[in-house]
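Heavy-atom basis, side chains included; hydrogens, waters and symmetry copies ignored. Throughout, a chain's letter reflects where its sequence line sits, starting with A, and its residues are numbered from 1. The structure displayed is predicted, hence computed values, not measured ones.
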There are 2 protein chains.
Amino acid sequence: MKRTPGDTRTAIIAAAAAEFAAHGFDGASVDAIAARARFNKAMIYYHFENKQRLYVEILRDGFRTVGAHTAAIADDADLPPAAKIDRFIDALDDMAASRPYMPPMMMREMAEGAVRLDADSLRLLSRIFENLRRILEEGSRLGVFRPADPVLTYFTLVTPVIFFRASTPVREALARQHVLPAAQVDATRFVTHLKSIARTVLAASPSPAAPAKQKKRTRQSRPGEHA
Amino acid sequence: MKRTPGDTRTAIIAAAAAEFAAHGFDGASVDAIAARARFNKAMIYYHFENKQRLYVEILRDGFRTVGAHTAAIADDADLPPAAKIDRFIDALDDMAASRPYMPPMMMREMAEGAVRLDADSLRLLSRIFENLRRILEEGSRLGVFRPADPVLTYFTLVTPVIFFRASTPVREALARQHVLPAAQVDATRFVTHLKSIARTVLAASPSPAAPAKQKKRTRQSRPGEHA
DNA sequence: GTCTATAAATAGATAGAC
DNA sequence: GTCTATCTATTTATAGAC
């Protein structure tokens, strides 16, 4: 149970993230965060200015990570646009997997109009959108995507990932009550599904919806690989 | 400023819905709800057992309405499956428009694992899913839809509507900061976009995405529903 | 850096007057 | 039905010992 120096802050952040995700900003008490981190409440105020700064720091870190990740994808000169979309979706799902507290926190933050996000956090959040927009534009410029509204596309591709992962507990509860199909739908299948939708929807040509009868594309992007 | 009898309860519910949507269950104080309803806090406890019952009642009413609406759509023998999907999406968007507090409340409730929903509320919620499942099955049986996983479909079609409408304040804030395209994307366009995706994704044959030959039906809101 | 103790404000909920 | 006043628990945050 020995703690290495610098760990305290990290432990508090981890505990806070879990509490904020589960109960929201108001529902998560500083006491509960401290208890989960196995520290005293005063410790939190030693390391952080107040509850809100702690909260914002967590979100900001998440936004920054996805922002950097998706920026790298958008910048990759070797990657065709269709592959970039796949990677973009993967980047979101990777965040959700490695930071499971992010989807719930983002859902709540959207729900209350992002009132707790300062300008800096909003900028970081908007960069994710911006990176998607750039990919769409490149695809359109190269003629492989049809012109697509970035906002519409963002909400059809990004938010389902957030929602799906955030709703895992509810889906499991419904499955236990036998109101959902017993067969669990895992995130990997969902992501695959979303990618295929993205491909279909963004395709430039009046291409068919069904891949069944689809002629083999000569040498278009066939990006199945995960990040 | 005269109140007709029976209005008190309604006023409290309206105020509570707005507060819950904006601040969440824990963030919305009974005092604030009472103040918004222009009543005293004690009035709330006269009409409702406690804060949580009031909260659940609001959600339950919303679920029940969409559940009934979508059930009627699924049951409609005259409607082809593709049109039913359109109507299903409309039903969700109608709820979001007439009950703007529902999307935020649903997002928050998902985020915390629906811990406040009793079995009855969960049943009402699951009926919405069930109605979509029935439409998909019918379409598949009739050969006009490809077999589609109802859970995957639910999360690609339903959650974007919720998320999009719940995020209206944030989108507007970002637009004011000029980080989003100035041209506002309105809900109608988004719904149209979603319907076209649904059609493309669900199409059985390598058929065109265009809804060329759909019978025109006046899409009308259900009678006697909430203002 | 970490703790105990406590201040100060606010929460949900109730009693009882009218 | 509606109000004022209040009880009790919990909240964020801080002071100060070690």
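- With a 6.0 Å cutoff to the six-membered ring centre and a 45° limit on the axis angle, A:Arg199 does not count as a cation-pi contact of A:Phe145.
- Annotation: cation-pi geometry not satisfied between B:Arg133 and B:Tyr154 (NZ/CZ under 6.0 angstrom from ring centroid, within 45° of ring axis).
- A:Thr8 has a side-chain polar atom (N or O) that falls below the 4.0 Å cut-off from OP1 or OP2 of C:dT2.
- In this entry the distance linking NZ of B:Lys41 with P of D:dT6 reads 13 Å, nearest Å.
- The CD1 atom of B:Ile44 sits 11 Å away from the C1' atom of C:dA13 (whole-angstrom rounding).
- Counting non-hydrogen atoms under 4.0 angstrom, A:Ala34 reaches nothing in the nucleic acid.
- At the heavy-atom level, A:Asp31 lies under 4.0 Å from base atoms of the strands shown.
- Atoms CZ (B:Arg9) and P (D:dG1) sit 11 Å apart, rounded to a whole Å.
- Taking the six-membered ring for Trp and thresholds of 30 and 60 degrees, A:Phe163 and B:Phe163 have ring planes more than 60 degrees apart, a perpendicular arrangement.
- Nucleotide C:dT10 holds its C1' atom 14 Å from the CG atom of B:Asp26, rounded to whole Å.
- Which of D:dT12, C:dT14, C:dG1 sits closest to the side chain of B:Ala42 comes down to C:dT14.
- B:Asn40 has its CG atom 11 Å from the P atom of D:dT2, to the nearest Å.
- A:Lys41 places no side-chain N or O within donor-acceptor distance of the main-chain N or O of A:Ile33, the cut-off being under 3.5 Å.
- Separating the CZ atom of A:Phe48 from the C1' atom of D:dT14 is a distance of 18 Å, rounded to the nearest angstrom.
- Side-chain proximity of B:Ser29 to C:dG1, D:dT2, C:dG12: nearest is C:dG12.
- Contact detail for B:Pro160 and A:Phe155: the closest heavy-atom pair is CB-O, 3.7 Å.
- For the pair B:Tyr45 and C:dT14, the criterion of a side-chain N or O lying under 4.0 Å from OP1 or OP2 is not met.
- Ranking C:dT2, D:dT12, C:dG12 by closeness to the B:Lys51 side chain, first place goes to C:dG12.
- One can place CG of B:Asn50 at 8 Å from P of C:dT14, the figure rounded to the nearest angstrom.
- Listed candidates were C:dG1, D:dG1, C:dG12. Nearest to the side chain of B:Tyr46 is D:dG1.
- In this structure, B:Met43 atom CE and C:dC18 atom C1' are separated by 13 Å, rounded to whole Å.
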